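Read the structure below first, then the notes.
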Amino acid sequence: MVAKPRIALIIGSTRPSRFADAPAQWMLKQAQARGDMDVELVDLRDHPLPFFDEIASNLWMPSQNPEAVRWQETIAKYDGFIFTVAEYNHSITGVLKNALDQAYTEWGRKPFTAIGYGGTGAVRALEHLRMIGVELQMVSTHAAVHIGGGDFMAVHPVFGKKPIEEIEANLLPSAKTALDELVWWAKATMAAKAGEA
């Protein structure tokens, strides 16, 4: 029997005025209510990573920067990931891209899903995240949660200022599917790795 997957919900924005906390807390609540995974919040604000400046990826040689090593040790503990994704100019945030670049072996053969937000629900950013994930040998779920259009305008603090629970009915089906897929892939990759050990 495969153990319950440990999942990190990574907040992918560090701006002081970020909206990321609302979707991150909502998604954390959905994941914790399930009982088939252990989920912890990992905030990039708690990991002041330098811009990637190592000689090479840690696939090829150990990283030298203590913050990079601490980051690698943090994410190595998890069996899968949920990313909170803001869309900046059709892509993910710079801090999230940098965090992804600061590790390699720790991401490999682990699944991820995402909750994205923005005018189009961060669909372009999530597609970019999936391309990066493939290069890091990660497994993307098919489903993700997208907060876009009128829903995004309703809950954003500059516009509608409504609590995210007011649009929850629109998010719950995709959240369930995304988390179902994440657990399936986490258990599959955990079993495969255990079989190789």
Side-chain angles (χ1 to χ4, degrees), residues 2-13 19-20 22-42 44 75 78-93 96-97 99-101 103-152 155 164 167-196:
V2 178
K4 192 186 294 189
R6 291 191 67 196
I7 305 296
L9 198 163
I10 298 174
I11 302 180
S13 173
F19 173 66
Q25 289 297 329
W26 184 85
M27 195 68 170
L28 181 65
K29 179 181 170 186
Q30 307 315 307
Q32 288 177 334
R34 294 173 57 98
D36 58 357
M37 63 179 100
D38 291 324
V39 187
E40 298 173 9
L41 206 60
V42 175
L44 290 183
I75 61 173
Y78 298 102
D79 304 303
F81 306 94
I82 303 166
F83 293 102
T84 304
V85 178
E87 183 164 314
Y88 287 9
N89 300 313
H90 293 206
S91 189
I92 60 176
T93 63
L96 179 53
K97 177 63 167 74
L100 290 161
D101 291 342
Y104 189 93
T105 56
E106 296 78 10
W107 299 118
R109 298 180 180 176
K110 294 179 184 178
F112 70 94
T113 193
I115 180 166
Y117 57 90
T120 61
V123 294
R124 297 163 297 203
L126 262 59
E127 286 304 305
H128 192 189
L129 177 63
R130 287 178 173 127
M131 288 191 295
I132 297 164
V134 167
E135 186 61 24
L136 293 171
Q137 298 190 49
M138 299 178 81
V139 180
S140 174
T141 61
H142 174 265
V145 182
H146 300 275
I147 304 172
D151 282 345
F152 177 65
V155 298
I164 199 165
I167 62 163
E168 185 174 72
N170 299 336
L171 308 179
L172 284 170
S174 57
K176 181 185 183 312
T177 303
L179 294 172
D180 286 348
E181 292 176 5
L182 181 66
V183 170
W184 192 93
W185 281 110
K187 288 181 176 179
T189 54
M190 290 165 69
K193 285 183 272 193
E196 291 176 348

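Residue numbers start at 1 and run along the sequence shown. Keep in mind it's a predicted model, so treat the numbers as computed, not measured.
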Report yes if some heavy atom in the side chain of [X] is under 4.5 Å from a heavy atom in the side chain of [Y]; otherwise report no.
{"X": "Leu136", "Y": "Lys110", "result": "no"}
{"X": "Pro5", "Y": "Met190", "result": "yes"}
{"X": "His146", "Y": "Phe152", "result": "no"}
{"X": "Val155", "Y": "Phe19", "result": "yes"}
{"X": "Ile92", "Y": "Ile132", "result": "yes"}
{"X": "Ser13", "Y": "Tyr88", "result": "yes"}
{"X": "Gln30", "Y": "Val145", "result": "no"}
{"X": "Asp36", "Y": "Leu179", "result": "no"}

Work out which heavy atom in [X] is nearest to a heavy atom in [Y]; give both atom names and the distance.
{"X": "Ala125", "Y": "Ala86", "answer": "CB-O, 4.1 Å"}
{"X": "Ile164", "Y": "Pro23", "answer": "CD1-CA, 3.9 Å"}
{"X": "Thr141", "Y": "Ala178", "answer": "CG2-O, 3.9 Å"}
{"X": "Glu181", "Y": "Ala143", "answer": "OE1-N, 2.9 Å"}
{"X": "Ala8", "Y": "Val42", "answer": "CB-CG2, 3.8 Å"}
{"X": "Ala31", "Y": "Val39", "answer": "CB-CG2, 3.6 Å"}

Quick one: pull up [atom1] in [X] and [atom2] in [Y] and give me the separation to the nearest 0.5 Å.
{"X": "Ser140", "Y": "Glu127", "atom1": "OG", "atom2": "CD", "value": "8.0 Å"}
{"X": "Thr189", "Y": "Met138", "atom1": "OG1", "atom2": "CE", "value": "10.0 Å"}
{"X": "Lys29", "Y": "Arg34", "atom1": "NZ", "atom2": "CZ", "value": "15.0 Å"}
{"X": "Leu172", "Y": "Ile167", "atom1": "CG", "atom2": "CD1", "value": "10.0 Å"}
{"X": "Leu9", "Y": "Phe83", "atom1": "CG", "atom2": "CZ", "value": "9.5 Å"}
{"X": "Glu135", "Y": "Leu100", "atom1": "CD", "atom2": "CG", "value": "12.0 Å"}

Original post:
So, are Asp79 and Lys4 salt-bridged, with charged N and O less than 4.0 Å apart?
Top reply: no
Using atom types as modelled and distance alone, determine if a side-chain donor or acceptor of [X] lies under 3.5 Å from a backbone N or O of [Y].
{"X": "Glu87", "Y": "Gly116", "answer": "no"}
{"X": "Ser174", "Y": "Leu171", "answer": "yes"}
{"X": "Thr93", "Y": "Gly12", "answer": "yes"}
{"X": "Arg6", "Y": "Glu40", "answer": "no"}

**OP:** Go through the steps to decide whether Lys187 and Val183 satisfy the test side chain to side chain contact (heavy atoms under 4.5 Å, CB included), and finish with yes or no.
**Re:** CA-CA 6 Å; Lys187 288 181 176 179; Val183 170; 3.8 Å; yes
Original post:
Should Ile75 and Phe81 be marked as a side chain to side chain contact (heavy atoms under 4.5 Å, CB included) after you check the CA-CA gap, both sets of side-chain angles, and the distance that decides it?
Top reply: CA-CA 9 Å; Ile75 61 173; Phe81 306 94; 4.1 Å; yes
Is the number of heavy atoms from other residues, nucleotides or ligands within 6.0 Å of [atom1] ([X]) greater than 12?
{"X": "Glu196", "atom1": "CD", "result": "yes"}
{"X": "Lys193", "atom1": "NZ", "result": "yes"}
{"X": "Arg109", "atom1": "CZ", "result": "no"}

Original post:
How about Trp107 and Phe112: are their ring centres within less than 6.0 Å of each other?
Top reply: no
Original post:
Do Glu106 and Tyr78 have a side chain donor and acceptor closer than 3.5 Å?
Top reply: no
Subject >> Worked check of side chain to side chain contact (heavy atoms under 4.5 Å, CB included) between Met27 and Ile82 >> reply: CA-CA 9 Å; Met27 195 68 170; Ile82 303 166; 4.0 Å; yes
